[in-house]
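Down below is the structure, laid out as structure tokens.
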Amino acid sequence: METALYLIPVTLGDTAIESVLPSYNKEVILNIRHFIVEDIRSARRFLKKIEREIDIDTLQFYPLNKHTSPEDISGYLKPLLNGESMGVISEAGCPAVADPGADVVAIAQRKNLKVVPLVGPSSIILSVMGSGFNGQSFAFHGYLPIEPAERAKRLKVLEQRIYGESQTQLFIETPYRNNKMVDDILLNCRPQTKLCIAANITCEGEYIKTRTVKEWQGKVPDLAKIPCIFLLYQ
């Protein structure tokens with residue numbers, strides 16, 4: 001196995017490993033002893049899910065979150081500089097995509113270290129695939145403003161991009177605020193604008209449905225506590 005910083009995708013929920021991750025990923029993971037992780041507990045659970053017999057206590061974990069300084073991150077890469085492969089694990093999905101792992105990759109690239117992204121589920125890509133929207137031009141915006149007036153303003157700006165640039169717009173919300181997000185979309189977007197709600201992707205109860213804003217009125221399921229991505233297009 002080539003010495004590198006391996007970006008290791010994680011299942012998006014309680015999904016069987018073999019249904020979303022290739023067997024090659026397991027081979028790579030079992031040859032790594034140093035992991036940069038968004039959450040140590042969830043990373044340990046994921047590794048045990050990959051291989052029940054893995055000796056977790058022989059592994060080294062380096063926490064990565066919004067409080068981790070660039071100096072700490074740079075220091076985390078010492079094993080890689082010394083010729084040992086390392087892995088990056090986020091809480092769900094693909095590391096470095098809407099994820100603090102991007103900071104690790106940026107430093108590795110500046111140090112001219114080899115970076116290898118492994119194949120795995122990305123809710124962003126899968127939702128675009130399932131929406132029927134433009135897959136050649138799309139933008140992911142993370143979280144929109146919480147304050148109602150600012151959110152309404154932001155939704156209208158994104159809607160302008162849909163019609164002016166034919167660009168698909170994607171964003172997310174904290175699960176307990178999903179229902180409010182849909183209410184705001186239906187209130188502020190044009191009746192003919194298309195909304196795709198993609199929920200529980202790759203998991204039990206997966207739901208990917210595209211309708212116009214007008215067609216969604218009165219037909220939106222309860223989305224509280226469900227991981228969702230919202231997509232808008234013309």
Side-chain angles (χ1 to χ4, degrees), residues 7 9-10 12-13 20 66 90-103 105-106 117 119-234:
L7 309 182
V10 176
L12 294 172
V20 290
K66 62 183 180 181
S90 63
E91 286 198 75
C94 296
V97 179
D99 176 83
D103 296 332
V105 176
V119 173
S122 165
S123 58
I124 295 171
I125 297 300
L126 293 173
S127 64
V128 173
M129 290 168 61
S131 68
F133 295 168
N134 189 351
Q136 298 206 60
S137 178
F138 57 90
F140 177 68
H141 301 278
Y143 294 92
L144 300 191
I146 297 176
E147 199 278 321
E150 286 300 312
R151 173 175 284 185
K153 182 179 178 181
R154 185 66 171 153
L155 283 169
K156 291 183 184 300
V157 168
L158 298 184
E159 192 175 44
Q160 287 174 1
R161 292 185 186 176
I162 293 168
Y163 291 97
E165 304 173 32
S166 296
Q167 184 182 67
T168 301
Q169 306 297 315
L170 299 84
F171 44 89
I172 56 176
E173 183 51 280
T174 301
Y176 70 87
R177 287 200 293 258
N178 280 338
N179 291 330
K180 182 64 170 67
M181 169 62 81
V182 176
D183 289 344
D184 288 344
I185 293 171
L186 300 188
L187 178 65
N188 291 286
C189 291
R190 307 177 195 179
Q192 71 272 24
T193 294
K194 294 186 180 70
L195 164 65
C196 176
I197 300 173
N200 277 336
I201 297 177
T202 75
C203 301
E204 185 178 353
E206 180 180 77
Y207 179 93
I208 304 176
K209 180 70 69 174
T210 295
R211 292 187 172 118
T212 66
V213 164
K214 182 178 181 180
E215 290 169 340
W216 274 117
Q217 299 287 348
K219 298 179 181 178
V220 181
D222 184 4
L223 301 173
K225 302 180 181 179
I226 301 173
C228 295
I229 289 190
F230 303 98
L231 304 88
L232 295 176
Y233 192 58
Q234 61 179 322

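The basis for the numbers below is simple: all heavy atoms, side chains too, and nothing from hydrogens, waters or symmetry mates.
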Is the shortest side-chain heavy-atom distance between [X] and [Y] below 4.5 Å?
X	Y	value
Ile208	Cys196	yes
Pro227	Asn200	yes
Cys189	Leu195	no
Phe138	Gln169	no
Asp184	Leu144	no

Does the cation-pi check pass for Arg190 over Tyr163, that is, NZ or CZ under 6.0 Å from the six-membered ring centre and within 45° of its axis?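 Yes, a cation-pi geometry holds between Arg190 and Tyr163.
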Residues that Arg161 engages under salt bridge (charged side-chain N to carboxylate O under 4.0 Å, His left out), provided they are two or more places apart: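 Per chain and number, Arg161 pairs via salt bridge (charged side-chain N to carboxylate O under 4.0 Å, His left out) with no residue.
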Between Ser127 and Leu170, does a side-chain contact (heavy atoms from CB on, under 4.5 Å) hold up when you go through it step by step? CA-CA 9 Å; Ser127 64; Leu170 299 84; 3.6 Å; yes
Please confirm whether the backbone N or O of [Y] pairs with a side-chain atom of [X], one donor and one acceptor, at under 3.5 Å?
X	Y	value
Asn188	Ala152	no
Lys194	Gln234	yes
Glu159	Leu155	no
Thr174	Arg177	no
Asn179	Leu223	yes
Arg151	Ile146	no
Thr193	Val213	no

Separation between [atom1] of [X] and [atom2] of [Y], rounded to the nearest 0.5 Å:
X	Y	atom1	atom2	answer
Gln217	Arg211	CD	CZ	11.5 Å
Leu231	Ile162	CG	CD1	9.5 Å
Leu7	Asp99	CG	CG	9.5 Å
Leu12	Thr202	CG	OG1	4.0 Å
Leu158	Thr168	CG	OG1	11.5 Å
Gln160	Gln167	CD	CD	13.0 Å

Could you check whether atom CD of Glu204 has more than 12 heavy atoms from other residues, nucleotides or ligands sitting under 6.0 Å from it?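 Atom CD in Glu204 is not packed in, count stays at 12 or less.
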What pair of heavy atoms forms the shortest contact from [X] to [Y], and how long is it?
X	Y	answer
Leu126	Pro121	CD1-CB, 4.2 Å
Ile226	Ala199	CG2-CB, 3.6 Å
Ile172	Ile229	CG2-CG1, 3.6 Å
Cys94	Gly120	SG-O, 3.7 Å

Applying ring pair (Phe, Tyr, Trp, His ring centres under 6.0 Å) as the test, list every pair that has at least one member in residues 201-234; sequence neighbours left out.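 Every ring pair (Phe, Tyr, Trp, His ring centres under 6.0 Å) pair that includes a residue of residues 201-234, provided the two are not neighbours, is Phe133-Tyr233.
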side-chain contact (heavy atoms from CB on, under 4.5 Å) assessment of Glu173 paired with Val182: CA-CA 10 Å; Glu173 183 51 280; Val182 176; over 6 Å; no
Evaluate Ile125 against Val97 for side-chain contact (heavy atoms from CB on, under 4.5 Å), listing each step before the verdict. CA-CA 10 Å; Ile125 297 300; Val97 179; over 6 Å; no
Decide yes or no on side-chain contact (heavy atoms from CB on, under 4.5 Å) for Phe171 and Arg154, but give the supporting numbers first. CA-CA 11 Å; Phe171 44 89; Arg154 185 66 171 153; over 6 Å; no
